[in-house]
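This report refers to the structure that appears directly beneath it.
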Amino acid sequence: MTVVTRFAPSPTGLLHLGTARVALFNWLYARHHGGKFLLRLEDTDRKRSTEEAVSAIIDGLAWLGLDWDGEIVRQSERMERHAEIARRLLKEGKAYRCYCTPEELAEMREAARERGSPVLYDGRWRDRDPSEAPVGVSSTIRIKSPLAGETVIKDRVQGTVTVANRQLDDMVLSRSDGTATYMLSAVVDDHDMRVTHVIRGDDHLNNAARQAILFQALGWTVPEFAHVPLIHGADGTKLSKRHGAVGVETYRDEGYLPEAIRNYLARLGWSRGDEELFTTEQAVEWFDLDRVGRGAARFDLDKLRSVNAHHIQQARDSRLVEAIRGPLAERRGRALKDRDLERLTAAMPELKPRAKSIPELVEGALFVVRDRPIEIDEKAAELLDADAKSLLRDLAGVLETLGDWNPSAIETAIRGYVAENGIRLGAVAQPLRASLTGRTTSPGIFDVLAILGKGESLGRIGDAGEG
RNA sequence: GACCCCAUCGUCUAGUCAGGUCCAGGACACGACCCUUUCAAGGUCGAGACACGGGUUCGAAUCCCGUUGGGGUCACCA
């Protein structure tokens with residue numbers, strides 16, 4: 001049997017990390033088994049669903065590289081099918097019409113709460129004769145849920161979950177306006193889409209029992225369930241806007257690589273021994289539901305940053321140059337020239353170990369694309385006193401004569417110079433760094449010289465050595 | 001409140017299903033040192049946890065019960 005998973009968000013907001021992780025698990029499981037990963041929009045609640053949210057979900061998945069198979073299914077377009085199933089259940093006597101008013105139901109809940117008993121619908125219309133129906137009042141359709149016994153869910157993550165049927169009431173399948181509720185539409189669509197594995201947040205664990213009852217009433221095969229724990233914020237409470245439950249596009253904008261997000265999210269709540277850093281291909285190869293943890297995991301930005309740093313180091317230089325190109329042009333206020341791009345490419349191996357995110361990479365690369373005379377920051381300026389300047393003028397004379405302009409040739413020349421003059425390398429390197437980068441920190445000084453090239457280097461040294 | 005789920009370093013986790021090899025391993029963060037021209041990266045070392053209480057057993061992080069704590073669900077939302 002081919003594995004079919006689905007990601008079924010309701011388009012009512014952003015695609016945040018918790019939701020993205022559920023999508024990732026579905027995707028990994030489907031890809032691991034060579035099955036299908038479907039996308040369904042649960043937009044039966046027309047009041048809350050928006051097209052902006054639909055775009056956010058689609059864009060978010062696309063950026064994360066979670067490609068789905070086939071067409072996107074919109075539940076709102078399947079309303080007639082859902083209604084058909086509700087009618088069938090009614091006809092088979094497995095469901096009934098309920099004419100309770102919202103006020104009546106609220107009273108019922110209130111009373112139950114006061115009594116301390118489970119807050120459930122009491123089934124008052126369950127066995128009434130249809131002839132008792134009030135005229136001109138629209139009804140909901142409720143399922144006739146078993147009164148006794150228990151429903152057992154074999155959950156791939158949570159294990160065997162048993163729920164007493166008396167804890168489950170006759171849930172509403174179809175609203176008084178005739179539209180299907182989530183319970184009905186999810187079951188019908190999962191069946192019609194031939195979904196074999198329902199992998200979702202464990203806030204749906206209780207629903208699984210109700211849905212299993214529905215599947216059985218319809219004579220359909222109950223899919224395998226896997227309820228994965230939710231992600232919590234750093235303070236241990238449910239992830240909310242307060243602690244960065246922002247859309248995945250925010251992470252994109254803040255310079256995280258999609259493969260880093262995938263790696264981090266996959267490892268949050270799922271593990272394969274001590275494996276921490278892996279490629280998406282490895283995750284696909286290794287992923288299994290049985291290795292998903294049962295406890296909620298907290299989101300940790302430091303760890304994400306660290307994983308991101310690793311993936312930046314793994315990324316190809318050309319891709320990183322491409323990634324920093326726009327931001328760099330913006331910072332410089334001009335488009336980058338071919339010359340800048342060449343230097344950036346040469347610099348990348350030295351730049352990337354120093355960055356945990358794209359903005360940090362941009363910051364570190366800034367010196368490469370500055371125009372002469374370059375801006376010197378305060379701390380760097382302090383290094384360029386009169387002695388340093390004369391040292392730079394002297395050193396410039398030595399570098400001028402250098403034929404081969406590569407890190408090792410430059411190093412040999414400079415080390416020779418300091419040895420001859422009996423000075424520490426640091427005494428030369430720091431002023432040199434200040435003059436070349438305008439800062440007190442940068443990649444190794446010999447690399448900086450090589451990256452900038454002979455002409456640009458001597459130019460910058462000359463600028464700083466003046467006066 | 002009722003029901004369901006969960007519980008190993010600050011955080012993510014390995015180990016739990018098949019009790020001994022675990023005075024509990026790895027990673028992030030933290031501290032020290034090494035490397036060193038700065039900052040990173042890298043390397044070495046350090047500190048840091050089986051929630052608590054009973055039981056079963058020769059032996060429990062692992063099995064059972066209870067307590068506590070955390071989370072989730074109780075809509076004509078999904």
Side-chain angles (χ1 to χ4, degrees), chain A residues 8-12 42-45 47-49 75 98 100 102 105-106 109 112-121 138-142 153 155 157-159 161-164 166-169 171-177 179 181-183 185-186 201-209 227 229-230 232 234 236-238 264 267-277 290 293-307 309 313 350-356 360 364 383 411 414-415 418 424-430 432-434 437 439-446:
Chain A
S10 59
T12 54
E42 310 230 312
D43 56 351
T44 54
D45 184 348
K47 289 183 287 293
R48 296 203 307 148
S49 303
Q75 282 193 323
C98 167
C100 287
L105 293 171
R109 279 193 290 274
R113 221 177 279 272
E114 273 175 26
R115 240 181 298 128
S117 56
V119 183
L120 301 170
Y121 173 69
S138 53
S139 71
T140 58
I141 296 175
R142 288 180 182 271
I153 299 298
D155 193 277
V157 171
Q158 305 293 344
V161 179
T162 306
V163 182
R166 51 187 304 269
Q167 294 296 333
L168 273 14
D169 61 0
M171 67 226 174
V172 172
L173 263 23
S174 172
R175 303 184 185 103
S176 55
D177 65 0
T179 59
T181 61
Y182 163 76
M183 286 294 168
S185 55
D202 72 2
D203 48 337
H204 283 289
L205 185 54
N206 290 273
N207 289 335
H227 289 91
L230 267 16
H232 287 176
T237 64
K238 193 174 169 182
Y264 175 72
R267 184 54 229 251
L268 195 61
W270 167 79
S271 63
R272 181 187 189 266
D274 287 333
E275 301 286 353
E276 296 279 350
L277 302 165
D290 306 319
R294 285 132 298 154
R298 299 186 188 199
F299 174 71
D300 181 6
L301 190 61
D302 277 330
K303 185 97 173 195
L304 207 210
R305 283 171 54 74
S306 160
V307 172
Q313 294 211 45
E350 295 304 318
L351 258 22
K352 52 185 191 179
R354 293 170 166 78
K356 287 190 171 178
E360 289 180 19
L383 288 171
E411 176 164 4
I414 292 181
R415 284 197 189 277
V418 296
R424 290 180 304 112
L425 181 55
V428 174
Q430 277 309 83
L432 205 45
R433 173 168 288 111
T437 69
R439 295 186 176 177
T440 52
T441 63
S442 81
I445 198 64
F446 310 122

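A, B, ... follow the sequence lines: proteins, then strands. Residue 1 opens every chain.
Within the 4.5 Å cutoff, side-chain heavy atoms of A:I414 are placed close to those of A:L432. Under the 4.5 Å side-chain criterion, counting only non-hydrogen atoms from C-beta, A:R415 is in contact with A:L425. Taking 4.5 Å as the limit, every side-chain heavy atom of A:T12 sits out of range of all side-chain heavy atoms of A:D45. Residues A:T181 and A:T44 have side chains not in contact (no heavy-atom distance under 4.5 Å, counting atoms from C-beta outward). Annotation: side chain of A:H227 is in contact with side chain of A:H204 (closest heavy-atom distance under 4.5 Å).
The phosphate of B:rA29 has neither OP1 nor OP2 within less than 4.0 Å of any side-chain N or O from A:R305. Contact between the side-chain N/O atoms of A:R109 and the OP1/OP2 oxygens of B:rC76 is found at a separation under 4.0 Å. Neither OP1 nor OP2 of B:rA75 sits under 4.0 Å from any side-chain N or O of A:T181. Side-chain N/O atoms of A:S271 include one lying less than 4.0 angstrom from OP1 or OP2 on B:rA14.
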>> I'd like to compare against my own output: the B/S/- annotation of nucleotides 33-53 of chain B with a strict under-4.0 Å heavy-atom distance to protein.
In response: ----BBBBS------------
> When you check every protein heavy atom under 4.0 Å of nucleotides 1-12 of chain B, what one-letter string (B, S, -) results, 5' to 3'?
Replying inline: BSSSSSS---SB
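Panel note: side chain A:D169, backbone A:L120; no donor-acceptor pair is recorded below 3.5 Å. The main-chain N or O of A:E360 is never found under 3.5 Å from a side-chain atom of A:R354 such that the two would form a donor-acceptor pair.
If you take atom P in B:rG69 and the same atom in B:rA51, they sit 16 Å apart, rounded to whole Å. Spacing of C1' atoms, B:rA29 relative to B:rC17, comes out at 32 Å, to the nearest Å.
In this structure, A:R166 reaches neither bases nor backbone, as no heavy-atom distance under 4.0 Å exists between it and the strands shown. No engagement by A:T12 is indicated, since no non-hydrogen atom pair under 4.0 Å with the nucleic acid exists.
Annotation: salt bridge (charged side-chain N to carboxylate O under 4.0 Å, His left out) contacts of A:K356 (sequence neighbours excluded): none.
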